[in-house]
Protein chains: 2
Amino acid sequence: MALAMTSPPKGSRAARTRATEDRILAVALESFGTKGFDSVSLDDLAADLGITKQAILYHWSSKRALLDAVIDRAALELIIEFDGALSEDGSGWSRVESIVRRIFRVAMRRPELLGFIREISRIGGDASLRVTADLEPFVSRATAYFEREMDAGRIRRCDPGLLLVSAYSTVLGTATEVEVLRAVGIAPTLRSTVVRRRELLSFLYAAMVAPDFARSQALR
Amino acid sequence: MALAMTSPPKGSRAARTRATEDRILAVALESFGTKGFDSVSLDDLAADLGITKQAILYHWSSKRALLDAVIDRAALELIIEFDGALSEDGSGWSRVESIVRRIFRVAMRRPELLGFIREISRIGGDASLRVTADLEPFVSRATAYFEREMDAGRIRRCDPGLLLVSAYSTVLGTATEVEVLRAVGIAPTLRSTVVRRRELLSFLYAAMVAPDFARSQALR
DNA sequence: CGGTTCACTTACCAAGTGGTAAACATTTGC
DNA sequence: GCAAATGTTTACCACTTGGTAAGTGAACCG
């Protein structure tokens, strides 16, 4: 789909190499995330990039090695997208709200990124271990954050890991299970997305916020 | 993996044909659901079944035609698994609880079934339309059920379609996002599953049950 | 300038892909 | 009992797959 670079390449050789590898990783992430690893051949990727498959194999010794690189890149982008929300200001619920909005935004604008994580989990084996290792620092931060919020009584007490997974899969599911959404009769338009996000937020609010704290907030 | 039938086949020819097609569909559903449609070749399937790929192509004219048949079967099994829960007795929450337990059980015992639905949604196109059409009656029933519960004040009022998707993806996510679970440090053991289900139920309870109704129930 | 390194291409290849054609064995209808 | 229908196999085929080997032109470095 992407066009070959028409203009002659610019910059130092090292810079151009970096740029090429970047383009390959970006297209690979997009393709692997939407179509699946096995469904995308190196020839497909190369065609999308306007190069030959051997150019890809020059930068990575095998398709599997390319996958590893894409995993690292996906984890990095995921962390960049989400980690900032943990550092933002704001009290308990408003911060959770901003995290949810952020996940939602990513799910809407970059579904291939989240789809890719799912794809990796299905491939299993070394690939799973790699993404797990890559995401570990972020997961630790998020878990610690939830624990602090529970200690402060702003979020109902429960297993922080489960809360993280529940919130993640709820938002991710609501945002990405387009097929189920369509089956339920919710057209995936932009307008309906806003409605869904609002409903989802109140859903999560009821589930997460500690009752005592909520009562003291005059129902947000 | 499955062994070839050692004993000579029994029953009438029609019955044996049905049995063979059944076995093919079962193995195909399992493989497509866990490894993905493109990752499973007809030779792989045939080897698992102890037959040749041409035997499969005799019953369905192409791999794609086989996929359609698997879709129909998956939808049927899904409806069988879930639809009964909608007809069960019990008041508002207890019925929801039984539905959740049922989805959870399916996600634990037959992850390939739910994985297959996801796979279909990624393939998109005709395949998606087919599963949508297959599931429509069930979705209608479930939505109508939620609407009745809301009218009765036993479930907090919200969009019934969204509630269905939210509950579905929450349970499904919690039960199947093994990768994320592992990243969060929750080992996917059987023991931890029980704990997770209990926590999830209270999570959903807080999210779904109407506050007024919950208060009158002495906190379940 | 001249050689070396680098990024990439052209030319292949063996293995596997979905699918066809025809032979073969069993079972059914007459 | 026999021919026809049926389920399955063996034998192929054109095409795609990930990957290798060798060549090519430009950038880099002395």
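Heavy-atom basis, side chains included; hydrogens, waters and symmetry copies ignored. Each chain gets a letter, A, B and so on, in the order its sequence line appears, and its residues count up from 1.
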Task: From A/L135 atom CG to A/D83 atom CG, the distance as rounded to the nearest 0.5 Å - done: 10.5 Å

Task: Listed nucleotide nearest any side-chain atom of B/D43, set C/dT17, C/dC8, D/dT17 - done: C/dT17

Task: Distance below 4.0 Å between A/H59 side-chain N/O and C/dC6 OP1 or OP2 - done: no

Open item on the list: It should be established whether A/Y58 places a side-chain nitrogen or oxygen under 4.0 Å from OP1 or OP2 of nucleotide C/dA7.
Closed with: yes

Task: Donor-acceptor contact present, side-chain B/S31 to main-chain B/A28, <3.5 Å - done: no

Task: A/I56 CD1 to D/dG18 C1', straight-line distance once rounded to whole Å - done: 11 Å

TODO: Determine: side-chain N/O of A/T17 to OP1/OP2 of C/dC8, distance under 4.0 Å, yes or no.
DONE: no

Open item on the list: Distance check, rounded to the nearest 0.5 Å: A/S62 atom OG versus A/L67 atom CG?
Closed with: 9.0 Å

Task: Rounded distance in Å - CH2 (A/W60) to P (D/dG19) - done: 14 Å

- [ ] Would you kindly compare B/L57 and B/A14 by the position of their nearest DNA chain C nucleotide and give the one closer to the 5′ end?
- [x] B/L57

Task: B/Q54 CD - C/dT20 P separation (whole Å) - done: 11 Å

- [ ] Look at the side-chain N and O atoms of B/S41 and state whether any lies under 4.0 Å from the OP1 or OP2 oxygen of C/dT17.
- [x] yes

Task: Parallel, tilted or perpendicular: ring planes of A/F37 versus A/F32, cut at 30 and 60 degrees - done: perpendicular

